[in-house]
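Every chain is numbered from 1 and lettered A, B, ... according to where its sequence line falls, protein lines coming before strand lines.
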Protein chains: 2
Amino acid sequence: MAGKPKLETVAREAGVSIATASQVMRGAGRISEKTRSKVLKAAQKLHYVPDNRAASMRSGQNREIGFVINKISNPFNAEVISGVSDLLEAEGYLVSVLDARDDPERQGRHIDAFIRNGRGGLLWVPAEQTPQEIFELLAAHRIPTVTFLRRPDASSFDHVGIRNAEATAQATTYLADLGHRHIAYLGGEVLTAVRRERIAGYQSVMAARGLGAPVIWDSNDIKQAGMQAMMALRAAHPKTTAVVCNGDIVALGACHGIRRMGLQPGREISVIGFDDIPDAAVATPPLTTMAVSPYQLGRRLARVLLERLSEPEGPASISEVSAELVLRETTGPV
Amino acid sequence: MAGKPKLETVAREAGVSIATASQVMRGAGRISEKTRSKVLKAAQKLHYVPDNRAASMRSGQNREIGFVINKISNPFNAEVISGVSDLLEAEGYLVSVLDARDDPERQGRHIDAFIRNGRGGLLWVPAEQTPQEIFELLAAHRIPTVTFLRRPDASSFDHVGIRNAEATAQATTYLADLGHRHIAYLGGEVLTAVRRERIAGYQSVMAARGLGAPVIWDSNDIKQAGMQAMMALRAAHPKTTAVVCNGDIVALGACHGIRRMGLQPGREISVIGFDDIPDAAVATPPLTTMAVSPYQLGRRLARVLLERLSEPEGPASISEVSAELVLRETTGPV
DNA sequence: TCATGTTGATATAACGTTATACCTCTTGTC
DNA sequence: GACAAGAGGTATAACGTTATATCAACATGA
């Protein structure tokens, strides 16, 4: 009871050497069944818990994975985390989440602490404006790293993401096919890499189909802001009959705004979201959106990391997932 | 470039001893300004990152905090995490989040890993059915621990929570004052400690006011389920004119269900939620709810942990926060 | 001159594991 | 009976830090 039990305590209790006790705890080496059970019993009796700091320091191995995420409050991300940890925990890893809140400085502290603690692998949604230095640091320390959603140009890490341009192009095409000519892009404030891709997809279709001039309308990606932005957008561009949104949350806000103006989403103005968050299906009216299963995306992300861990020197892989247009009730003919 | 730089590398580069380099890095001991800058320059040049495993093992200190949470996807929890990490990061700690998803086994693995890594402090929303053994383990390892929201009877740790019974009593009283007599309690499936308290508060007012027989209606706490449960509840108890809900999400679902039935929340049926999640204010109609600021709650939680860290042997504190009735548009006279 | 501090730097033993090499038995083979 | 092979176990040196004790050099005061 005096101080935490260590391997030495267990070994003495069982009447064996420290080395033997260590091998039993790890299930390594050649140990007879008799001593095995002796040691196990001793460990149990003393409530022994091995110290992973010492172990990972000595062995150079660590089955702890860090997930540095841009925004933990995003329900999409929550699902991704579930997918990631389901797969990794099944392989004996443990996932801890660090919320960078899109702040490069906080992100820097988190990644720094990650390296300090010699964790085994890193999943990472890089903040915009991430300094080059962090990539070099990770590379220099040989940290198995997979970036997620955002892939900075300078990165040489594995990556899992979404085909953003393809998705918004598909959404815009669908609206054009319904007869809409004045289609706006709504949501996002900063020109993040992801948003740039999505806007590019939208613009390419607007140009290719010879539709009205593209309208990009900024909005913070929360519901309230989306509502106000929709009303302002409509006031500035009264001809607008459809909006492609930067995300579901802003899209739901837009629907709210449309109703506030006495109109009906899907009749006077069509709305397409992005992400298919749980709320999208049960909103009134249910939201048409570009869906990509966050849970499956999380599993894919975990799988890529596992491959990297088993093959540290292989070439970097980039895998991108297509989003799928889910038709609900916020879209209709013009 | 051959292998990670360690303190020895830095010391050699700077032409000092390892002990001196260590003191400079920690800002401890008495070091002249000249050698100080020499060492700092060397460390910078080599991109030295200290190994926290070795440091915390030797010093017995660790400024890493783990937050084992019941459900990361709950937006309420996301806000709590922000409050917690804002305060703790300001004090030089680092918070990592582990999602137990209300699964005692997963929770066990997380806490086990937490102890293995000798982290500095634990914030914890214990899963229902948490085995007694885990409490003993944490106590035996002298882990500074603060439980959050759920306080098992056997616990002797610090605790921060919400006055649940008081809150639902207040909500029920408000509805009774509006003239409602048939008030139901909607939401939750398992009889968790929190839900039990909330139901008790509701029941006590129903009895004290001599209102209709209490109706407890189970529902999974997601929107879709709340919608269906509301419709089923109304079918089974047509006289019901008001519902006190287990949480905002189920309350929003209930509002949806009410509209599906061709009625209007706040007119034919009043609804009161719990938590005041961001969506509550911007829903149609905006949701009346029992609010407790999750961000402030997170800060309080962090503060309690800091006190425990600075005073390891002090008596356990239990601090409970009152919820506040926020009137919006889903409640009205009968 | 000698005790007495003070400043700045250092040598060294931990911290709790695991990897490596090594040892002692048994058993089997010719 | 000599030798090889293998099974089961152990001693010991790392891993990269920090705490402690110690030391040299120089200043201070009587």
Side-chain angles (χ1 to χ4, degrees), chain A residues 2-40 42-43 46-64 112-113 115-120 141-142, chain B residues 2-40 42-43 46-64 112-113 115-120 141-142:
Chain A
K4 291 198 198 87
K6 40 184 190 170
L7 221 33
E8 190 196 336
T9 332
V10 174
R12 197 164 33 208
E13 171 79 21
V16 299
S17 73
I18 297 181
T20 303
S22 169
Q23 294 190 80
V24 170
M25 293 315 292
R26 288 176 291 143
R30 292 169 308 197
I31 302 289
S32 73
E33 197 45 52
K34 213 174 67 182
T35 50
R36 228 184 87 78
S37 68
K38 252 196 317 191
V39 171
L40 250 32
L46 298 169
H47 295 290
Y48 170 68
V49 177
D51 187 327
N52 188 48
R53 293 171 295 185
S56 86
M57 195 168 118
R58 174 64 236 250
S59 70
Q61 309 233 309
N62 197 345
R63 297 180 84 80
E64 287 210 309
D112 215 57
I115 295 176
R116 280 173 141 74
N117 286 87
R119 298 266 163 69
H141 283 262
R142 297 266 152 75
Chain B
K4 291 197 196 89
K6 40 185 190 169
L7 221 32
E8 190 196 336
T9 331
V10 174
R12 197 164 33 206
E13 171 79 21
V16 299
S17 73
I18 297 181
T20 304
S22 170
Q23 293 190 79
V24 171
M25 295 313 293
R26 286 177 292 142
R30 293 171 309 200
I31 302 287
S32 74
E33 197 45 53
K34 214 174 65 182
T35 50
R36 229 185 85 79
S37 68
K38 251 196 319 188
V39 171
L40 250 31
L46 296 170
H47 296 290
Y48 169 69
V49 177
D51 187 326
N52 188 48
R53 292 170 296 183
S56 86
M57 195 168 118
R58 176 63 236 249
S59 71
Q61 309 232 313
N62 196 346
R63 296 179 85 81
E64 287 211 309
D112 215 56
I115 296 176
R116 279 173 141 73
N117 285 289
R119 298 265 163 69
H141 284 261
R142 297 266 151 74

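- Looking only at distances, no side-chain donor or acceptor of B:Asn62 sits under 3.5 Å from a matching main-chain atom of B:Ser56.
- The side-chain contact (heavy atoms from CB on, under 4.5 Å) test with A:Val24 singles out one residue from A:Leu7, A:Ile31, A:Thr35, and that residue is A:Ile31.
- Looking only at side-chain heavy atoms (C-beta outward), A:Leu46 and A:Val10 come within less than 4.5 Å of each other.
- Residue A:Met57 contributes atom CE, which lies 12 Å from atom P of C:dG16 at whole-angstrom precision.
- Annotation: of the two residues near DNA chain C, B:Lys34 and A:Gln61, the 5′-most nearest-nucleotide partner is B:Lys34.
- Close to D:dA14, at under 4.0 Å from its OP1 or OP2, lies no side-chain N or O of A:Arg58.
- Atom-to-atom, CD1 of B:Ile18 to P of D:dC15 comes out at 11 Å; the value is rounded to the nearest Å.
- In this structure, CZ of B:Arg36 is placed 17 Å from P of C:dT7, rounded to the nearest angstrom.
- Spacing between atom NZ of B:Lys6 and atom C1' of D:dT18 amounts to 15 Å, rounded to whole angstrom units.
- Checking side-chain atoms of A:Asp51 against main-chain N and O of A:Arg53 turns up a donor-acceptor pair under 3.5 Å.
- Taking atom CG of B:Asn62 as the reference point, atom P of C:dG16 lies 14 Å away to the nearest angstrom.
- Using a 4.0 Å cut-off, some side-chain N or O of A:Thr35 falls inside it from OP1 or OP2 of D:dG9.
- Per the geometry, CZ belonging to A:Arg12 stands 15 Å off P belonging to D:dT10, to the nearest Å.
- Residues of residues 19-28 of chain A having a heavy atom closer than 4.0 Å to DNA chain C, listed by number: A:Ser22, A:Arg26.
- The distance between atom CG of A:Asp51 and atom P of C:dA14, rounded to the nearest whole Å, is 18 Å.
- Taking every side-chain heavy atom of A:Leu7 into account, C:dT18 is the closest of D:dG9, C:dT18, C:dA9.
- Residue B:Ser59 has its side chain nearest to D:dA19 when only D:dT10, D:dA19, C:dA9 are considered.
- For the pair A:Arg30 CZ and D:dA7 P, the interatomic distance rounds to 6 Å; values are reported in whole Å.
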